[in-house]
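These values consider heavy atoms only, across backbone and side chains, with no hydrogens, waters or symmetry-generated copies. So that the names make sense, note that chain A is the first sequence line, chain B the second, and so on, each numbered from 1.
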Amino acid sequence: MTTGQGHEGTTGRTGAADRGDAATGRSRREFLRAGGGIVAAGALPPVLSGCSGGSGDGLRIVGVTDQQQPVEELLKLYRRSRPAESFTTSFAPTEQMQTVVRTQLAGGNAPDVHAVYPGSGSAMSMVELARAGLLTDLSTQPWTANIPAAFGTAYRYEGRTYLYSAGSCLIGAIYNKKVFARAGVEPPSTWTELLEVCTRLRARGVVPIALGAQTPWVTQLISYALVPNAVYAHNARFDDDMAAGRTSFRDSGWADALGRYQELQRKGFFNDNPNGTTFEQQTAMVATGKAAMAVQVSAVLGVFREATESPEDLAMFPFPGGDDPARLWIPAGIVVGLGVSVRAERDPRAADFIAFLGKQENIDRWASAVFAIPFRRDASTAVDPVLEPFLPIVDTGRAVPFMDQRWPNAEVQPAHFAAVQDLLSGETDVRGALGQMDDAYRRAS
Amino acid sequence: MSRSLPQPEEIEPEGVRPGKPGPEARTVKTPPTVPIPPPRPARTRPGRDLTAPPWGFVVPALLVYAVVVLYPSLAGVAYAFTDWSGIGDASFVGLANFRALLDDRRTLDSVVNTLLLTVAVVVVQNVVGLLLALGVDTGIRSRSLLRVVFFAPAVVSPVMVAFLWKYVYNPEPTAGLNGLLGAVGLGALRQDWLGDPSLALWSVAAMVVWQYAGYSMVIFLAGLQGVPPELHEAAKIDGAGTWQRFRYVTWPMLAPALTVNLMLSTIGGLKLFDQVYAATNGGPGTASETLSTALFKEAFVYGKFGYSTAVALVLALFVAAVSLVQLRFLRAREVTA
């Protein structure tokens with residue numbers, strides 16, 4: 001019965017539509033026209049806003065998850081004096097942000113303010129975007145005058161400043177003080193001491209160094225911790241030499257650094273199966289005391305603290321890549337910052353917000369939120385006590401930017417990730433691993 | 001308007017021809033049968049097909065499809081011949097991207113991985129799917145529940161499945177699959193499932209099979225339920241055993257379901273992205289890199305959109321070619337009841 005009704009009903013509607021329904025007074029053509037109008041009316045505003053280059057009512061800010069806390073905190077302060085203005089913010093992990101924002105940049109619909117990575121070496125790096133003419137020149141803002149000359153390449157392209165970033169975060173060893181105390185060891189200050197400490201920890205049944213190399217970005221941290229001593233302590237102009245083709249990864253101190261990375265594994269100082277272990281598992285191992293330390297970037301100290309029952313148990317020390325504590329070099333990379341899209345060049349709100357972030361107290365707030373050292377410190381600057389062991393090294397100029405911040409294209413970093421994983425699984429040796437990186441470096445950017 | 005329906009008594013039994021009544025025809029009483037419905041009147045008149053109602057309603061969807069799918073796809077073909085980085089201007093580079101593809105060890109390795117993964121997934125997923133279908137096509141009381149349970153993973157997001165299986169593949173000896181192996185006395189089989197380059201690809205394949213075997217099962221089940229029981233009964237009377245009935249009755253009748261399953265799993269295998277990206281990111285090293293993850297990285301990580309679209313174009317043509325060959329081969333061996 002239902003089928004019959006349905007069949008008849010369909011036939012009836014067809015007929016009515018063909019000749020115009022007397023009851024409704026609408027033909028099918030009119031119905032479709034009306035429907036199309038509604039659809040077009042709904043679709044038009046977003047299409048127009050996408051094409052016009054306007055930013056709508058609010059300032060759109062898109063960042064990476066690492067920036068969420070400082071941006072939200074500072075935006076709240078900023079809005080106190082501008083309660084009528086509206087803002088939209090969204091945050092995502094690096095790869096998602098990169099995919100979306102690059103697509104928006106290509107489509108001419110980029111957010112007004114968005115995450116930008118310092119220097120070169122990433123698809124969302126300052127150099128890459130500035131070279132394509134997609135960033136607004138911030139050079140006229142007062143805070144740019146305080147950027148230390150040593151960090152110039154991270155912030156500037158062809159003499160103009162395109163990046164706002166609060167300062168540098170550090171790579172070192174996040175360690176569990178209770179585990180160290182139970183094993184009767186102190187944070188080491190030389191490579192030899194590090195090996196002794198690891199030996200004693202291992203003898204106590206503790207994993208000396210947790211390594212979550214299944215998460216690609218974690219693979220690079222031990223290399224980065226060792227390369228400053230192995231490379232830059234001997235040749236501070238290594239990046240220039242690489243760019244000029246005068247040296248290569250394979251023929252440089254990088255070979256010593258990866259050799260030491262391999263030595264740590266060969267001696268059994270990592271957890272079993274580091275290539276199958278994730279960052280989250282690495283964090284849990286240190287936080288629960290199953291492992292004694294992890295070589296990590298200071299920005300994730302908060303994550304480690306959240307994972308432990310007593311956050312004060314965790315601290316950091318500079319990871320010793322050499323045997324002379326007075327000549328210890330460490331990595332200190334400029335943290336991911338913000339840039340202003342050229343679409344927002346004429347929008348005073350975007351530049352005004354960046355100028356607000358550039359005030360010393362706000363640089364301090366941002367740096368504090370991500371466990372970074374502000375690029376300029378004054379009497380009012382309070383650095384987290386956990387970073388104090390690093391300050392003498394930074395202040396004496398023995399800190400070098402993260403290695404990828406001067407790499408010429410976005411392929412070297414993933415090549416490094418893959419090379420380290422291959423090295424850890426025994427698929428390649430140091431020369432093979434560095435050969436992969438040299439090949440990626442020489443590819444056209 | 002309606003023509004009179006034939007009465008049950010008027011229907012001749014099958015096999016009995018008019019004018020040559022067999023001895024049984026005179027004695028058999030035809031059972032009452034379901035009345036044959038009258039044929040539906042033609043819904044459209046010749047010459048009015050293009051203006052008939054369905055076309056009018058499809059136009060908005062076709063427009064959206066053209067804008068969202070067709071135009072970007074065709075534009076992608078054009079990008080394949082440029083050096084576009086994803087932002088800024090693009091220059092025409094002719095066939096340079098395709099030549100680079102042939103010299104790119106990284107991409108060629110990912111082709112090999114993709115083929116290995118596809119073969120593994122297609123074979124195992126369909127074997128498991130068929131076994132599950134045969135299992136739940138029996139008269140066991142829990143068959144409805146089992147069908148739901150086996151099919152359930154297919155509706156879960158592939159990324160969620162990958163994250164779930166990362167816990168299953170935890171390398172710790174007491175966690176996940178390793179813990180289970182240890183608990184049942186098979187501790188010697190414990191592995192670093194996703195961290196060992198020789199295992200990572202197969203671990204991903206197992207994850208995919210787990211997710212989609214139930215999907216294959218549903219298609220096989222539909223095929224199994226289309227096999228007329230009379231054929232099985234006839235085969236039984238002829239003395240065929242279980243295996244012979246499967247081999248000579250069920251299996252040939254499953255050919256259309258097999259065609260669909262092989263096509264879907266092959267295309268799915270060649271395009272596999274989500275599970276690999278979320279579980280291993282192509283690693284360790286490049287041990288589980290597939291063509292899809294490689295082209296994603298070329299575009300969004302390395303900023304080589306032109307080259308990436310060239311790889312995508314080759315992948316699309318490859319999938320189309322494999323599908324066509326497979327379809328022709330499989331259709332040729334299909335039989336119907």
Task: Structural part of A:Gln413 lying under 4.5 Å from a heavy atom of chain B - done: neither
TODO: With a 4.5 angstrom heavy-atom cut-off, could you sort out which part of A:Thr215 is near chain B: side chain, backbone, both or neither?
DONE: neither
Task: Under 4.5 Å from any heavy atom of chain A - which part of B:Tyr277 - done: side chain
TODO: Using a cut-off of under 4.5 Å on heavy-atom pairs, state which of B:Ala287, B:Gly283, B:Pro197 scores highest against chain A.
DONE: B:Pro197
TODO: Can you see which heavy atom on A:Gln214 is nearest to which on B:Thr280, and at what distance?
DONE: NE2-CA, 4.5 Å
Task: B:Arg106 CZ to A:Gln436 CD distance, which is reported to the nearest 0.5 Å - done: 10.5 Å
Task: Where B:Phe300 and A:Gln98 come nearest, the two heavy atoms and their spacing - done: O-NE2, 2.7 Å
Task: Residues, nucleotides or ligands: over 12 heavy atoms within 6.0 Å of A:Phe270 CZ - done: yes
Open item on the list: Measuring from atom CG of B:Asp196 to atom CG of A:Asn273, what distance do you get when rounded to the nearest 0.5 angstrom?
Closed with: 8.5 Å
Open item on the list: Looking only at heavy atoms and a cut-off of under 4.5 Å, which of A:Pro414, A:Ala419, A:Ser425 has the most pairs with chain B?
Closed with: A:Pro414
TODO: Could you look at B:Ala279 and say if it's the side chain, the backbone, both or neither that has a heavy atom under 4.5 Å from chain A?
DONE: backbone
Open item on the list: Within residues 83-90 of chain B, which residues come under 4.5 Å of chain A, heavy atom to heavy atom?
Closed with: B:Trp84, B:Ser85, B:Gly86, B:Ile87
TODO: Identify the heavy atoms of B:Gly285 and A:Gln421 that sit nearest to each other, and give their distance.
DONE: N-OE1, 2.8 Å
Open item on the list: At a 4.5 Å cut-off on heavy atoms, which part of A:Thr278 comes close to chain B: side chain, backbone, both, or neither?
Closed with: side chain
Open item on the list: As an exercise, state the distance from CG of B:Asn170 to OG1 of A:Thr277, rounded to the nearest 0.5 Å.
Closed with: 7.5 Å
Open item on the list: So, taking the atom named CZ in A:Arg102 and the one named CZ in B:Phe305, what distance separates them when rounded to the nearest 0.5 Å?
Closed with: 6.0 Å
Task: Student check: side-chain heavy atoms of A:Phe417 and B:Asn281 closer than 4.5 Å - done: no
TODO: Among the options A:Asp439, A:Asp422, A:Thr99, pick out the one with the most heavy-atom pairs lying under 4.5 Å from chain B.
DONE: A:Thr99
Open item on the list: So which atom in B:Pro284 and which in A:Asn275 form the shortest heavy-atom distance, rounded to 0.1 Å?
Closed with: CB-ND2, 3.7 Å
Task: Separation between CD of A:Glu95 and CZ of B:Phe296, rounded to the nearest 0.5 Å - done: 6.0 Å
Task: Selection from A:Gly426, A:Ala213, A:Ala418, A:Pro274 maximising heavy-atom pairs under 4.5 Å formed with chain B - done: A:Ala418
Open item on the list: salt bridge (charged side-chain N to carboxylate O under 4.0 Å, His left out) for A:Lys290 and B:Glu172? Distances and angles first, verdict last.
Closed with: CA-CA 12 Å; A:Lys290 190 176 175 186; B:Glu172 285 289 302; 2.4 Å; yes
